[in-house]
Protein chains: 2
Amino acid sequence: MRSDRRRDLLRILHTGKASSQKDIVDALRAAGHEVTQATVSRDLREVGATKIRSGDDFVYLLPDELGRTHGSDLMIRNLERTLEEFSLDVRSAHSLVIVLTAPGHGSAVARAIDLAGLDDVVGTVAGDDTIFVATPSPDHAARLASSWSRDQERDQEEEK
Amino acid sequence: MRSDRRRDLLRILHTGKASSQKDIVDALRAAGHEVTQATVSRDLREVGATKIRSGDDFVYLLPDELGRTHGSDLMIRNLERTLEEFSLDVRSAHSLVIVLTAPGHGSAVARAIDLAGLDDVVGTVAGDDTIFVATPSPDHAARLASSWSRDQERDQEEEK
DNA sequence: CCATAGTTTGCAAGGATATGCAGAAAGTTG
DNA sequence: CAACTTTCTGCATATCCTTGCAAACTATGG
C-alpha cells in the first residue's frame, strides 16, 4: 500500500545512507515492497526529498534536515572557498581571530564560519569588512588563524 | 579564465533561476564564457552547489543558502505532509492553536511548523505530544486550526 | 625555445532521474 | 454488479548529470 511504503521510505531516508534511487529501491524491496525506480522518483518528489552532496557522493535528505547541514563536509568546503574568495587577511590576537574581508562581505564570511560548525569557534561578530572570532584560548586562535591564512593565500596568488 | 568564470557562476546561482546545467551553460555563454555542460558539472561540484526542489521544478543553490529555505514552497509542503502523518487533533483556543501529535513527535511537528515560516505563527512551544502555537489573534488561530485540520484529516481516513 | 609536469577542458559514453502513456487498481455511483 | 472516474504503477524513453580519457593549455626549469 502506498501509505505503508511511504512510511518505510521516510525511515530509509532518515538513516542518511541512500545515495541513489537504486539504493532506495533495494532498501524498499528488502522491506517487502515491490517497486521500481520510477515509483521511487515520484515518492521522493511527494515527500520533497532532495539529493545533496556529502563529501564526494550524495545523500537524499528530507526538507527539515536541509537546515541541519551545519558542521558537514559541505559546509567546511564552503568556508574554505569563501575564505579564498573574500578574506584579505587573517590574524590572531590573544584568544581572538580577526579576519579582514572584502568591503561589505563581513557578514557573509562570518556566516560561512558559523555554518562550518567548528568546535574551536565560540562565536563571531561581523562588521562591514572585519570579523572577530572568539575561540577558547590563544592556542586555538593561533591554530585557526594559520589554517585560514593558508586558505586565504591561494587567492592572493591569483591576484597577480 | 577559471576564476573569472566562477565569479559569474556564483552570480548566476545567486539569482536562484538556474534549474538545470543547460540553463547555466546558456547564462555563462551570455556572459562571454564558452563552456560545455561537462565543465559546469565540475564547477558546481567545486563550489558545492546542489539542485533542490522548488515547487515543481528545481533550483541550484549554494551551500550557505540551503538553510534559508524557510518559508519556501518546499517547507510548506513539508508541513502539510508532517501534519498528515503525525497530528492527531488540532484545536484553537483564543489566540492559540493547540496541536496534539503522536507520542514523542511534538518537537518534530513544531519544527516543521517553524520551518514553514508562516506569517500567522508568532511562536511555538512543544511538549512530548502537544504543541502550543501563538498567533496574532483568535481569528488567525481559528483560520490556522481549520486549515491544519484539513491536512490532518486525510490521515484519519486511511486509519480505517 | 624545448621538455616536462600539472591543470583544465571537451567529447563521448554511461549512469541516474524524470515523465508520457497505457494499463491496473481502487473507489464511486446508479 | 456494471459503468465510470480517479489514482497509482510499470514500462520505455527522454532528459539531465557525471566521469574516463585524451587533447589543449599553463607553468616551470633548464
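Letters go in sequence order (proteins before strands), and every chain restarts at 1.
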Heavy atoms, side chains only, cut-off 4.5 Å: are [X] and [Y] in contact?
{"X": "A/F132", "Y": "A/I98", "value": "yes"}
{"X": "A/Y60", "Y": "A/V47", "value": "no"}
{"X": "B/R5", "Y": "B/T39", "value": "yes"}

Tell me: [atom1] of [X] to [atom2] of [N], nearest whole Å?
{"X": "B/F58", "N": "D/dT15", "atom1": "CZ", "atom2": "P", "value": "15 Å"}
{"X": "A/D43", "N": "D/dT9", "atom1": "CG", "atom2": "P", "value": "7 Å"}
{"X": "B/R29", "N": "C/dT9", "atom1": "CZ", "atom2": "C1'", "value": "13 Å"}
{"X": "B/Q37", "N": "C/dT17", "atom1": "CD", "atom2": "P", "value": "15 Å"}
{"X": "B/D57", "N": "C/dT19", "atom1": "CG", "atom2": "C1'", "value": "14 Å"}
{"X": "A/R53", "N": "C/dA16", "atom1": "CZ", "atom2": "C1'", "value": "14 Å"}
{"X": "B/L44", "N": "C/dT9", "atom1": "CG", "atom2": "P", "value": "13 Å"}
{"X": "B/I52", "N": "C/dT17", "atom1": "CD1", "atom2": "P", "value": "17 Å"}

- Name the nucleic acid region contacted by B/V40, choosing base, sugar-phosphate or nothing; use a 4.0 angstrom heavy-atom cut-off, strictly under. nothing
- Query: What does B/E46 touch in the nucleic acid at a heavy-atom separation under 4.0 angstrom: a base, only the sugar-phosphate, or nothing?
  - Reply: nothing
Please list, for nucleotides 20-26 of chain C, all pairs of protein and nucleotide N/O atoms separated by less than 3.5 Å.
unit_1 : atom_1 : unit_2 : atom_2 : d
C/dG20 : O6     : A/R42  : NH1    : 3.4

Any side-chain N or O of [X] below 4.0 angstrom from OP1/OP2 of [N]?
{"X": "A/R5", "N": "D/dT9", "value": "yes"}
{"X": "A/R45", "N": "C/dT17", "value": "no"}
{"X": "B/Y60", "N": "D/dC17", "value": "yes"}

- Query: More 5' along DNA chain C: B/T36 or A/K51, using each one's nearest nucleotide?
  - Reply: B/T36
- Does the salt bridge (charged side-chain N to carboxylate O under 4.0 Å, His left out) test come out yes or no for B/R6 and B/E46, once each step is laid out? CA-CA 10 Å; B/R6 241 182 34 187; B/E46 236 179 306; 3.0 Å; yes
- Strand contacts (DNA chain D) in residues 18-25 of chain A, 4.0 angstrom heavy-atom criterion: none
- Item | Nearest-neighbour nucleotide for the B/S41 side chain, D/dT9, D/dC11, D/dT18 considered | D/dT18
Nearest atoms (heavy-atom pairs only) where [X] meets [Y]:
{"X": "A/A126", "Y": "A/A110", "answer": "CB-CB, 3.7 Å"}
{"X": "B/T50", "Y": "A/K51", "answer": "CB-O, 4.3 Å"}
{"X": "B/V59", "Y": "B/K17", "answer": "CG1-N, 4.5 Å"}
{"X": "A/A112", "Y": "A/T82", "answer": "CB-OG1, 3.9 Å"}
{"X": "A/I12", "Y": "A/A18", "answer": "CG2-CB, 4.4 Å"}
{"X": "A/E85", "Y": "B/L10", "answer": "OE1-CD1, 3.3 Å"}

- Message: Please enumerate all residues that pass side chain to side chain donor-acceptor pair (under 3.5 Å) together with B/R42, with sequence neighbours excluded.
- Response: none
- Partners of B/D8 by side chain to side chain contact (heavy atoms under 4.5 Å, CB included), sequence neighbours excluded? B/R11, B/L28, B/A31, B/H33
- Please determine which of A/L74, A/I52, A/L79 meets the side chain to side chain contact (heavy atoms under 4.5 Å, CB included) test together with B/P63. A/L74
- What bend angle does the helix from C/dC1-D/dG30 to C/dG30-D/dC1 show across its length, from five-pair end axes and to the nearest 10 degrees? 30°
- Query: Are there more than 12 heavy atoms of other residues, nucleotides or ligands under 6.0 Å from atom CG of A/D57?
  - Reply: yes
Which protein N or O atoms sit under 3.5 Å from an N or O of nucleotides 22-26 of chain D?
none

- Any donor-acceptor N/O pair, A/T135 side chain to A/S137 backbone, under 3.5 Å: yes
